[in-house]
Enquirer: 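Pasting a structure here, questions to come.
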2 protein chains.
Amino acid sequence: MFKPTEAELEILKVLWQHGPSTVRFVNDILNSKKDVGYTTTLKFLQIMNEKGLTIRDTDHKTHVYKAVINEADTKNRMIDDFVNNVFHGSAMNMVMQTLGNQKISHEDINDLKSIIAIIENKNINKD
Amino acid sequence: MFKPTEAELEILKVLWQHGPSTVRFVNDILNSKKDVGYTTTLKFLQIMNEKGLTIRDTDHKTHVYKAVINEADTKNRMIDDFVNNVFHGSAMNMVMQTLGNQKISHEDINDLKSIIAIIENKNINKD
DNA sequence: AAATATATACGAAACAATTCGTAGTGTAAA
DNA sequence: TTTACACTACGAATTGTTTCGTATATATTT
């Protein structure tokens, strides 16, 4: 499956967050973080289109690009890759190390508890 | 702070797991996963040494390389980077998405519960 | 001591990702 | 209708990473 490069991911994030967008719009958003030339952004969107990462509407002079690949799936795939590369494939190791190292709020803890409860119930039902 | 490339990380993992090692040893381990030429591994260790990622003992003909950077710190830094790149800086988002997508065993759940308990206690003591 | 094996050093090729300049085209304003 | 502007297309320079060949030194074996 597909793994976006870092620059491609930045663009995908814009498309995921804001929906189908013009090159100009994507470029403006990118520039709020870091200087990027317009034609650089354009080039990336063209490359991403070739790769099938996006599709575009070329009916009008100004093309509108839309992410083809799904945000959750892509992120899951990236998590898998990361876990494989850095944590010898153990997602739990990664989670534990993250929890041990982050500031976790009360709310976060509640969220964690409820997702754990959900997982537990799934397991019970499975047996 | 420093971020190893993928190839460098592979080597660091060997050094972390097995302790100070010769080029030959590192190369043998790497080759159990994927063909890598001996001089490729050598070159990387030389580069890593220049960058201060490793130090080496050159007393004998065969040099012995040792990781300078710490495993936990490096991994935490890589988690931070990953979370910033992919999850807009929210580690909790990343953890939640991981938990929602992985097979979690009974034991894992217990581990999670205990680390959550630890975090809760830390918070209580802080207030 | 010569031949063989095993090291290191290092330049440079190969490959991948990023960045941008320039050319060309269509649209709208003067 | 000429000029100005904003857009796309695309080649190519730049930068970073990976890979390896070749030269050379140092041991070890015959």
Side-chain angles (χ1 to χ4, degrees), chain A residues 1-15 20-66 69 74 78 81-82 84-86, chain B residues 1-15 20-66 69 74 78 81-82 84-86:
Chain A
M1 259 290 160
F2 180 76
K3 195 190 173 184
T5 68
E6 223 167 283
E8 286 169 350
L9 181 65
E10 287 310 307
I11 290 176
L12 282 174
K13 285 197 291 184
V14 174
L15 297 181
S21 310
T22 62
V23 178
R24 175 65 57 197
F25 180 81
V26 172
N27 187 246
D28 285 350
I29 302 279
L30 294 185
N31 271 278
S32 62
K33 286 231 161 193
K34 173 177 169 290
D35 277 8
V36 195
Y38 177 86
T39 54
T40 303
T41 303
L42 171 63
K43 181 69 169 184
F44 275 125
L45 280 163
Q46 288 168 343
I47 290 171
M48 289 166 76
N49 226 61
E50 268 174 28
K51 292 186 182 175
L53 271 173
T54 58
I55 49 173
R56 62 182 176 181
D57 175 353
T58 58
D59 285 355
H60 306 280
K61 186 193 167 196
T62 303
H63 300 352
V64 175
Y65 289 79
K66 179 174 175 301
I69 62 177
T74 305
M78 294 187 75
D81 271 12
F82 182 67
N84 283 331
N85 280 338
V86 186
Chain B
M1 257 293 158
F2 181 76
K3 195 189 172 184
T5 68
E6 223 168 283
E8 286 168 349
L9 181 65
E10 287 309 306
I11 290 176
L12 282 173
K13 286 197 290 186
V14 174
L15 296 181
S21 310
T22 62
V23 177
R24 176 63 57 196
F25 180 81
V26 172
N27 186 246
D28 284 350
I29 302 280
L30 294 185
N31 271 277
S32 63
K33 286 231 162 195
K34 172 177 168 292
D35 277 9
V36 195
Y38 176 86
T39 54
T40 303
T41 304
L42 170 64
K43 180 69 170 185
F44 275 124
L45 280 163
Q46 288 168 342
I47 290 171
M48 289 166 77
N49 226 61
E50 268 173 28
K51 292 186 182 175
L53 271 173
T54 59
I55 48 171
R56 62 181 176 181
D57 175 354
T58 58
D59 286 356
H60 306 279
K61 187 197 167 194
T62 303
H63 300 352
V64 174
Y65 290 79
K66 179 174 174 304
I69 63 177
T74 305
M78 294 187 75
D81 271 12
F82 182 67
N84 284 332
N85 280 339
V86 185

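Since the structure is predicted, the reported quantities are computational estimates derived from the model, not experimental observations. Every chain is numbered from 1 and lettered A, B, ... according to where its sequence line falls, protein lines coming before strand lines.
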Enquirer: Among C/dA7, D/dT19, D/dA9, which nucleotide has an atom closest to any side-chain atom of B/Lys43?
Expert: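 The closest nucleotide is D/dT19.
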
Enquirer: Could you tell me whether the side chain of A/Leu45 reaches within less than 4.5 Å of the side chain of A/Arg56, counting heavy atoms only?
Expert: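 With C-beta onward as the side chain, the pair stays apart.
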
Enquirer: Given atom CG of A/Leu9 and atom P of C/dA17, what is their separation to the nearest angstrom?
Expert: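 A/Leu9 atom CG is separated from C/dA17 atom P by 14 Å.
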
Enquirer: Can you measure B/His60 atom NE2 to C/dT6 atom C1' for me and round it to whole angstrom units?
Expert: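 It is 16 Å, rounded to the nearest whole Å.
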
Enquirer: Between D/dC7 atom C1' and A/Tyr65 atom OH, what is the distance in whole Å?
Expert: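 In whole Å, D/dC7 C1' and A/Tyr65 OH are 10 Å from each other.
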
Enquirer: Does a sphere of radius 6.0 Å around CG in B/Asp59 hold more than 12 heavy atoms from other residues, nucleotides or ligands, not counting ones at 6.0 Å or beyond?
Expert: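 Buried by this count: over 12 neighbours within 6.0 Å.
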
Enquirer: Within the structure, does a side-chain N or O atom of B/Arg24 lie under 4.0 Å from either OP1 or OP2 of C/dA7?
Expert: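 True: B/Arg24 side-chain N/O within range (under 4.0 Å) of C/dA7 OP1/OP2.
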
Enquirer: Between B/Leu45 (CG) and C/dC10 (P), how many Å, whole number?
Expert: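 Computing the B/Leu45:CG to C/dC10:P distance gives 15 Å.
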
Enquirer: So that I can tick it off, tell me whether A/Glu8 and A/Lys51 are bridged by a salt bridge, with the cut-off set at under 4.0 angstrom between side-chain N and carboxylate O.
Expert: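 A/Glu8 and A/Lys51: salt-bridged.
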
Enquirer: Find the distance B/Ile47:CD1 to D/dT17:C1' and express it as a whole number of Å.
Expert: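 The distance from CD1 of B/Ile47 to C1' of D/dT17 comes to 8 Å, rounded to the nearest Å.
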
Enquirer: Given C/dC20, C/dT18, C/dA9, which nucleotide is nearest the side-chain atoms of A/Thr40?
Expert: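 Ranking C/dC20, C/dT18, C/dA9 by closest atom to the A/Thr40 side chain puts C/dC20 first.
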
Enquirer: For C/dT22, does OP1 or OP2 lie under 4.0 Å from any side-chain N or O of A/Thr39?
Expert: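 Negative; the distance criterion is not met.
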
Enquirer: Find out whether A/Val26 and A/Tyr65 are in side-chain contact, i.e. whether some heavy atom of one side chain is under 4.5 Å from a heavy atom of the other.
Expert: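 No. Closest side-chain heavy atoms not under 4.5 Å.
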
Enquirer: Between D/dC10, C/dT19, C/dT8, spot the one nearest the side chain of B/His63, thanks.
Expert: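 Selected nucleotide: C/dT8.
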
Enquirer: Looking for any heavy atom pair under 4.0 Å, which part of the strands does B/Lys34 touch: base, sugar-phosphate only, or nothing?
Expert: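 Sugar-phosphate only.
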
Enquirer: Any base atoms under 4.0 Å from A/Glu6, or only sugar-phosphate, or nothing? Heavy atoms, all strands.
Expert: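 Answer is sugar-phosphate: A/Glu6 comes under 4.0 Å of backbone atoms only.
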
Enquirer: Could you tell me how far apart B/Leu42 (CG) and D/dA23 (C1') are, to the nearest whole angstrom?
Expert: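 Answer to the nearest Å: 13 Å.
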
Enquirer: Once hydrogens and angles are ignored, does a donor-acceptor distance under 3.5 Å link the base of C/dT25 to the side chain of A/Lys61?
Expert: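 Side chain to base: no pair below 3.5 Å.
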
Enquirer: Taking CZ from B/Phe44 and P from D/dG16, how many angstroms apart are they, rounded to a whole number?
Expert: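 That distance rounds to 15 Å.
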
Enquirer: Counting just side-chain N and O atoms, does A/Arg56 come under 4.0 Å of either OP1 or OP2 of D/dA9?
Expert: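 For A/Arg56, the contact criterion (side-chain N or O under 4.0 Å from OP1 or OP2 of D/dA9) is met.
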
Enquirer: Can you figure out which of C/dG26, C/dT22, C/dT8 approaches the side chain of B/Tyr38 most closely?
Expert: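 The listed nucleotide nearest to B/Tyr38's side chain is C/dT8.
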
Enquirer: In whole Å, I'd like the distance from the CE atom of A/Met48 to the P atom of C/dA16.
Expert: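 Rounded to the whole Å, the gap is 19 Å.
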
Enquirer: For a quick test of reading the model, state the closest non-hydrogen atom pair linking B/Thr54 to B/Leu15 and the distance between them.
Expert: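 Taking B/Thr54 first and B/Leu15 second, the nearest heavy atoms are CG2-CD1, 3.8 Å.
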
